[in-house]
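Reviewing the structure listed below.
Keep in mind the model is a prediction, meaning the values are calculated, not measured. Counting starts at 1 for both ligands and their atoms, following the listed order.
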Amino acid sequence: MQDSTNAEQSMTISGAWRRAAQGAGLLAADGSVAASIFAEMSALAARTGAINLGQGFPDEDGPAVVLEAARQAISDGVNQYPPGRGQPVLLEAIARHQQRFYGLAVDPGSEILVTAGATEALAATVLALIEPGDEVVTFEPFYDAYGALIGLGGGIHRTVPLRAPDFQPDLDALRAVVSDRTRMIIVNDPHNPTGAVFPRQTLELIVELAHRHDAIIVTDEVYEHLTFGTPHIPISTLPGAWERTVTISSAGKTFSLTGWKVGWLSAPARIVTAILAVKQFLTYVNAAPFQPAIAVGLDLPDSYFASIASEMQGKRDVLATGLRTAGFAISVPQGSYFIVADATPLGFLDGAELCRRLPELAGVVAVPIAAFCSPSYRAEYAPLLRFAYCKKESLLQQASRRLAALSPR
Ligand code: PMP
Ligand code: GLN
């Protein structure tokens, strides 16, 4: 027993894990790996009983017809491996969705791939399409998976900062970062964690730069149906974009079903085939009975999609008022689940420390924006916190009342 423990301790655990953890900012100096900020803050909320406005997940289930369709699929025996690209009924529904909302004609047989959430779509895409040493550009702050996956693929991560108050990129800074070394530009629009929605001009520049430097665009559009008063523009609808763009989305946000992990991507057939070569050895397939249920969801009438945006906008407004009243300086997001609040006016300059203490100070959990930053940007974003408003209005009001008791220091 003793011997085996010693042997375990002396064994070197090499491999890609270190690059993944480092890319997501989770590798500590002593070589240990921290849990993701979402897991850490959800655990803190569970431990303290604080209201969890940290991890972005809704507190209500998605549409009853979609839930019922999954139950029915299980009863009907849709319980074995689906086809590698996804069930035809879902592939066809995704194609209809792209046509209905964006006028995109996508071939369900060759230009769409169903994945285990947007996360697997991102993983398979990055691993399939970059070589070690290639540069990958993202905006900053960035969703943690991008850093981890670029690290796993051996890529070099370059970023363009999004700064308060509107979190739009400086276009010259974008021009300066993209070069012939850039293999991939990852765009997240609407953006997590800032809630920014990019205007057409920015998207056009991304397409222009991708052409000039022969880069692939990967666009993470999981919040596509959650924009407020401003239309979502998929990059692949812009002239010249489709041929070099991988468009990624998932059911999690659109149907409030984050635990089902049904995602998808669309791209030209040659690119989908390359991504499939990797995806089939990650999960192979997933979510057999959920796939036909999401197909039902994607075919819901326009009114469903309009209602989720207007409901989410109402929730945004409740939390925005609460945060302002509490003394935070906020940027009102144009999309997504999230609002960024600057704690500087309250006298807190270290958002990570404030997030750890917020349960005790106010009975609320948030996540620090610095957790979405590469090391060189953490100090600049330190006073910023991300609050999720994808919660019942009564809970947001309760959180607002608690935050109002936060005294400046
Ligand atoms: N991209 C972004 C920007 C996200 O916020 C999330 C988290 N929901 C994901 C990807 C992951 O999506 P999924 O749960 O479908 O894997
Ligand atoms: N996308 C969710 C968020 O940003 C979290 C997903 C996760 O925990 N990986 O809060």
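For atom 6 (C) of ligand 2, the nearest non-hydrogen atom of the protein is Tyr143 OH, 3.4 Å. Nearest protein neighbour of atom 8 (O) of ligand 2, counting heavy atoms only, is Gln55 NE2, 2.7 Å. The nearest protein atom to atom 7 (C) of ligand 2, hydrogens excluded, is given as Phe38 CD1, 3.6 Å; this is a heavy-atom distance.
Residues His191 and Phe142 keep their aromatic ring centres 6.0 Å or farther apart. Between Phe57 and Tyr337, the ring centre distance reaches or exceeds 6.0 Å. Taking the centre of each ring, Tyr102 and His232 come in below the 6.0 Å mark.
In this structure, the side chain to side chain contact (heavy atoms under 4.5 Å, CB included) partners of Asp214, at least two apart in sequence or on a different chain, are Arg183, Arg244.
Ion pairing between Asp134 and Arg181 fails under the 4.0 Å rule for side-chain N and carboxylate O.
Between Gly56 and ligand 2, an N or O atom pair is found at a separation short of 3.5 Å. The shortest N/O to N/O separation between Ser36 and ligand 2 does not fall below 3.5 Å.
Applying the ring pair (Phe, Tyr, Trp, His ring centres under 6.0 Å) definition to pairs two or more places apart or across chains, those involving residues 350-390 are Phe38-Phe372, Phe328-Phe387. For residues 375-395, the salt bridge (charged side-chain N to carboxylate O under 4.0 Å, His left out) pairs, not counting sequence neighbours, are Arg163-Glu380.
The shortest heavy-atom distance from Tyr337 to ligand 2 is not under 4.0 Å.
With a heavy-atom cut-off of 4.0 Å, Met41 does not touch ligand 2 at all. Under 4.0 Å from ligand 2, the heavy atoms of Asn192 that appear belong solely to its side chain.
For the residue pair Glu140 and Thr159, a side-chain donor N or O sits within less than 3.5 Å of a side-chain acceptor on the partner. For the 3.5 Å distance criterion, the side chains of Ser374 and His157 fail to qualify, holding no donor opposite an acceptor. Looking at Ser110 and Asp107, their side chains do bring a donor and an acceptor atom within 3.5 Å of each other.
Near ligand 1, Gly117, Ala118, Thr119, Tyr143, Tyr146, Asn188, Asn192, Asp220, Val222, Tyr223, Ser250, Lys253, Lys261 each place a heavy atom less than 4.0 angstrom from the ligand.
Heavy-atom proximity to Phe338, at under 4.0 Å, picks out these atoms of ligand 2: 3 (C), 4 (O), 10 (O).
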